[in-house]
Amino acid sequence: MAGNVMVRNRSRNVFESDMVCAMVLIRYLDGRPITLKEMMTYFMQFSTEATLSRHLDDMEAAGALMRKPDPQDRRRLLLLPTEKEAVPAQMYLQGRLDVLLSSGFVYDPEEARKKLAQAAE
């Protein structure tokens with residue numbers, strides 16, 4: 001997803017950039033934008049704050065995300081996708097949903113129980 005657009009320095013890990021994009025987009029589409037602090041917490045297991053900050057700087061410079069103060073607590077920064085990134089994200093997530101649905105995934109717990117019972121017979 002990040003590809004060659006959002007990583008200015010080729011020596012940086014594209015996997016990390018893809019993870020940042022995915023987390024920002026999924027949380028945004030879920031209606032719960034991720035905060036900068038949360039993102040740092042998730043990445044501290046395998047990356048440094050400086051590295052994550054450079055990824056965010058690259059993505060912001062590429063126009064893929066923006067950092068905005070949380071309207072409910074101005075001390076927190078929210079990471080939000082720009083329109084440039086939101087449209088491909090919706091297409092990506094719709095594709096994932098299509099694959100799940102075609103594989104038998106169901107939203108409705110009652111319908112899921114019925115399918116499991118049928119499969120057990």
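Quick note: numbers below take in every heavy atom, side chains included, and nothing from hydrogens, waters or symmetry partners.
- In terms of the salt bridge (Lys or Arg N to Asp or Glu O under 4.0 Å) criterion, residue partners of Arg113 (sequence neighbours excluded) are, by chain and number, Glu110.
- Between the CE atom of Met66 and the CD atom of Glu83 there is a distance of 9.0 Å, given to the nearest 0.5 Å.
- If you take CG on Leu65 and CG on Leu80, they are separated by 8.5 Å, rounding to the nearest 0.5 Å.
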**Report entry** Trace of the side-chain contact (heavy atoms from CB on, under 4.5 Å) decision for Met19 with Phe43
**Finding:** CA-CA 9 Å; Met19 290 298 296; Phe43 275 76; 3.6 Å; yes
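- Considering OG of Ser53 and CG of Leu36, their distance stands at 7.5 Å, rounded to 0.5 Å.
- A donor-acceptor contact shorter than 3.5 Å links the side chain of Thr82 to the backbone of Gly63.
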Query - From CA spacing to verdict: salt bridge (charged side-chain N to carboxylate O under 4.0 Å, His left out), Lys37, Asp70 - result: CA-CA 12 Å; Lys37 185 176 181 179; Asp70 183 342; over 6 Å; no
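- Looking only at distances, a side-chain donor or acceptor of Ser102 sits under 3.5 Å from a matching main-chain atom of Val99.
- Here Met39 contributes atom CE and Leu77 contributes atom CG; the two are 12.0 Å apart, rounded to the nearest 0.5 Å.
- Under the 4.5 Å side-chain heavy-atom criterion for ILVMFWY residues, a single connected hydrophobic cluster contains both Met59 and Tyr42.
- Here the CG-CZ distance, from Leu56 to Arg67, works out to 5.0 Å after rounding to the nearest 0.5 Å.
- Between Val20 and Leu52 there is a side-chain heavy-atom pair separated by less than 4.5 Å.
- Put simply, the side chain of Asp73 gets close to the backbone of Arg75: a donor and an acceptor are under 3.5 Å apart.
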Report task. Walk me through it: do Glu38 and Thr41 pass the test side chain to side chain donor-acceptor pair (under 3.5 Å)? Result -> CA-CA 5 Å; Glu38 284 177 293; Thr41 302; over 6 Å; no
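- Distance check, rounded to the nearest 0.5 Å: CG of Leu79 to NZ of Lys68 gives 12.5 Å.
- Arg74 has its side chain within reach of Pro69: a pair of non-hydrogen atoms, C-beta onward, lies under 4.5 Å apart.
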